[in-house]
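First comes the structure, then the notes that go with it.
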Amino acid sequence: MMKIYGFFMMLALVFFAFSSCSTEEVVFDEVVQLEADIAKIDEYLNFNDIDAETHPSGFRYIIDNEGEGEFAGVNQVLIMEMTVFTLDSNYVFSTVEEVERAQNVSIYYFNTYSVYLSNDLRERQLPVLHDLASLLKMNGRARLFVPSGLAWGTFGYTWSASGQNENRHIVIPKNTNVLISVELVQIK
């Protein structure tokens, strides 16, 4: 009995020794991730011969129509229609009914997307959509090539729904660069 007890004690000590040796903390570096994402986006744009503008925050964009009226300001809400693809052109979801139906999905995602414009960075969802306030007016349309940190970042995005005998799961893995086609349909 004493030999078995001694064996387990020795095993526990060996496990503790190995587990305590790896005290190095893995730190996520946003700057390094942004640089890597921008390099991938630029490679994608060059490969596809796409000429896009560069926003100071790091995303690339093409304004198809600036829209009309005034730009939105702080404490206003942007209501948008958008279609999202991963950088490798895999369809993710759309808030546009016709696009969702054309994808032959069984459970539709479509519903407009709203963003409250705030100066408080902690309140910002999808930072890239906040930057649109300075680029698009009502009915403006743009194509965005977005580094992961300005989209769903280190958390990614998951949405699931169930219907009659069917399920739909939308997943954007963490640190995924995305392509977003967006139209600003309302400013409140």
Side-chain angles (χ1 to χ4, degrees), residues 30 33-34 36-55 57-67 72 77-118 123-163 166-187:
E30 291 179 17
Q33 182 69 44
L34 180 62
D37 289 348
I38 288 172
K40 288 177 187 174
I41 290 169
D42 287 343
E43 181 181 321
Y44 172 88
L45 294 172
N46 289 332
F47 181 80
N48 291 290
D49 198 27
I50 297 171
D51 186 28
E53 299 292 321
T54 300
H55 190 273
S57 66
F59 70 92
R60 309 303 192 238
Y61 66 94
I62 299 170
I63 302 294
D64 295 314
N65 177 4
E66 184 181 82
V77 177
L78 303 178
I79 310 293
M80 294 170 262
E81 296 281 7
M82 64 185 202
T83 301
V84 179
F85 295 87
T86 59
L87 190 59
D88 56 3
S89 299
N90 287 322
Y91 176 77
V92 179
F93 71 85
S94 182
T95 63
V96 180
E97 182 175 354
E98 295 80 26
V99 174
E100 281 278 282
R101 291 189 189 283
Q103 292 295 322
N104 294 317
V105 293
S106 57
I107 298 172
Y108 301 115
Y109 182 88
F110 57 82
N111 195 358
T112 55
Y113 197 89
S114 62
V115 174
Y116 173 71
L117 298 176
S118 171
E123 293 181 8
R124 293 188 173 190
Q125 300 169 328
L126 289 175
V128 69
L129 298 181
H130 288 264
D131 292 329
L132 279 180
S134 64
L135 299 175
L136 294 182
K137 301 173 185 174
M138 277 292 296
N139 300 317
R141 290 186 315 279
R143 288 173 280 160
L144 313 174
F145 306 88
V146 188
S148 64
L150 299 175
W152 286 276
T154 58
F155 297 103
Y157 178 75
T158 303
W159 179 84
S160 296
S162 297
E166 298 180 57
N167 296 314
R168 181 171 181 196
H169 303 286
I170 296 172
V171 176
I172 300 174
K174 67 180 182 175
N175 300 326
T176 298
N177 301 318
V178 292
L179 312 175
I180 303 174
S181 293
V182 65
E183 180 177 359
L184 180 56
V185 296
Q186 189 177 6
I187 299 173

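None of the values given here were measured: they were computed from a predicted structure.
Side-chain contact between Met82 and Leu129 is present, with at least one heavy-atom pair separated by less than 4.5 Å. Considering only heavy atoms from C-beta on, Thr158 stays 4.5 Å or farther from His169 through its side chain. In this structure the side chain of Ile63 never reaches within 4.5 angstrom of the side chain of Glu53, judged on heavy atoms. In this structure, Met80 and Val115 have side chains that are in contact, with non-hydrogen atoms separated by less than 4.5 Å. Leu136 is listed as a side-chain neighbour of Val182, based on a closest heavy-atom distance under 4.5 Å. Using a 4.5 Å heavy-atom cutoff, the side chains of Val92 and Val178 are not in contact. A heavy-atom distance below 4.5 Å is not found between the side chains of Tyr113 and Ile180. Under the 4.5 Å side-chain criterion, counting only non-hydrogen atoms from C-beta, Phe145 is not in contact with Asp42.
Trp159 and Tyr108 get closest at one heavy-atom pair: CH2-O, 4.0 Å. Taking all atoms of both residues into account, the shortest heavy-atom contact from Pro127 to Ala151 is CD-O, 4.0 Å. Heavy-atom minimum distance, Ser89 versus Leu179: OG-CD1, 4.5 Å. Considering all non-hydrogen atoms of both residues, Ile41 and Val146 come closest at CD1-C, 3.4 Å. Phe93 and Ile170 make their closest contact through CB-CD1, 3.5 Å (heavy atoms, listed as atom of the first residue, atom of the second, distance). The shortest non-hydrogen separation linking Asp37 to Gly149 is OD2-N, 4.1 Å.
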(request) Under the side chain to side chain contact (heavy atoms under 4.5 Å, CB included) rule, what do Leu144 and Leu132 come out as? Steps first, then yes or no, please. (result) CA-CA 10 Å; Leu144 313 174; Leu132 279 180; 3.9 Å; yes
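Between the Thr83 side chain and the Ser94 main chain, no donor and acceptor come within less than 3.5 Å of each other.
Surrounding CG of Asp51 are at most 12 heavy atoms belonging to other residues, nucleotides or ligands under 6.0 Å away. Within 6.0 Å of CD in Gln186 there are more than 12 heavy atoms belonging to other residues, nucleotides or ligands.
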